[in-house]
Amino acid sequence: MKWLLLILFCLIVLNSTHKIYINIFSHSLPYGAYVMVKGYPQRGNYASSCLTQEIARYGIARSYLVQGNCDTGTVLVLKMIKGIPGDHFQVKNGLLELNGHSYPIMRYDSSARVLKSFYKEKEGVFREREIYFIK
């Protein structure tokens with residue numbers, strides 16, 4: 001029993017330092033522990049990020065997010081990388097077109113509530129240090 005408590009304590013500490021991410025709540029990625037590694041993010045990797053203040057407030061108000069240690073007061077979100085520097089993208093008519101693939105921008109959450117739109121229609125190429133996450 002002591003070992004289990006020690007392991008849980010260590011995981012909580014590591015999670016708060018942003019060195020390890022433990023997903024046991026979100027259905028948007030596989031459950032498990034994710035460890036931060038050095039290197040340049042590649043398409044298909046997972047990456048963590050703090051959200052903008054506006055999106056964080058919305059997520060907390062809708063109970064999508066819980067309190068955490070990001071500057072915005074939420075937990076880090078972990079998502080799969082789909083777009084990397086040099087990739088062309090276009091956001092138009094409720095779709096994200098990226099590398100020849102179209103991704104619908106969600107209009108409703110899993111409870112059928114209308115989602116607020118935070119995107120702006122635009123087109124371009126991801127610059128250095130820009131990546132795009134998808135659910």
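Tyr64 places none of its side-chain heavy atoms less than 4.5 Å from the side chain of Thr74. Counting heavy atoms from C-beta on, the side chains of Leu115 and Arg62 come closer than 4.5 Å. For the pair Val91/Lys120, no side-chain contact is recorded, criterion being any heavy-atom separation below 4.5 Å from C-beta on. In this structure, Leu76 and Ser49 have side chains that are not in contact, with every pair of non-hydrogen atoms separated by 4.5 Å or more. Two residues are said to be in side-chain contact when any heavy atoms from C-beta on lie closer than 4.5 Å; Tyr108 and Val114 meet this criterion.
No continuous path of hydrophobic side-chain contacts links Val125 to Leu98 [ILVMFWY only; heavy atoms under 4.5 Å]. Using a 4.5 Å cut-off between side-chain heavy atoms of Ile, Leu, Val, Met, Phe, Trp and Tyr, with links allowed through other members, Val66 and Ile55 fall into different hydrophobic clusters. A continuous path of Ile, Leu, Val, Met, Phe, Trp and Tyr side chains, each step under 4.5 Å between heavy atoms, connects Phe118 with Met106, placing both in one hydrophobic cluster. Note on Leu96 and Phe126: same hydrophobic cluster, where clusters join Ile, Leu, Val, Met, Phe, Trp and Tyr whose side-chain heavy atoms are under 4.5 Å apart, directly or indirectly. Under the 4.5 Å side-chain heavy-atom criterion for Ile, Leu, Val, Met, Phe, Trp and Tyr, Tyr119 and Phe89 are members of the same hydrophobic cluster.
At least one donor-acceptor pair under 3.5 Å links the side chain of Tyr58 to the backbone N or O of Lys116.
Here the closest heavy-atom approach between residue Ile84 and residue Gln42 is recorded as CG2-C, 4.3 Å. Shown here for Leu78 and Ser48, the closest heavy-atom pair between the two residues is CD1-N, 3.8 Å. The two residues Leu95 and Pro104 have their closest heavy-atom pair at CD2-CA, 3.6 Å. Scanning both residues, Leu51 and Thr72, for their nearest heavy atoms gives O-CG2, 3.1 Å. Between Glu97 and Ser102 the shortest heavy-atom distance is CG-OG, 3.5 Å. The two residues Arg43 and Asp87 have their closest heavy-atom pair at NH2-OD2, 2.5 Å.
No more than 12 heavy atoms of other residues, nucleotides or ligands sit less than 6.0 Å from atom CZ of Arg107. The environment of Tyr40 atom OH is dense: over 12 non-hydrogen atoms of other residues, nucleotides or ligands sit within 6.0 angstrom.
Residue Lys122 holds its NZ atom at 15.5 Å from NZ of Lys92, rounded to the nearest 0.5 Å.
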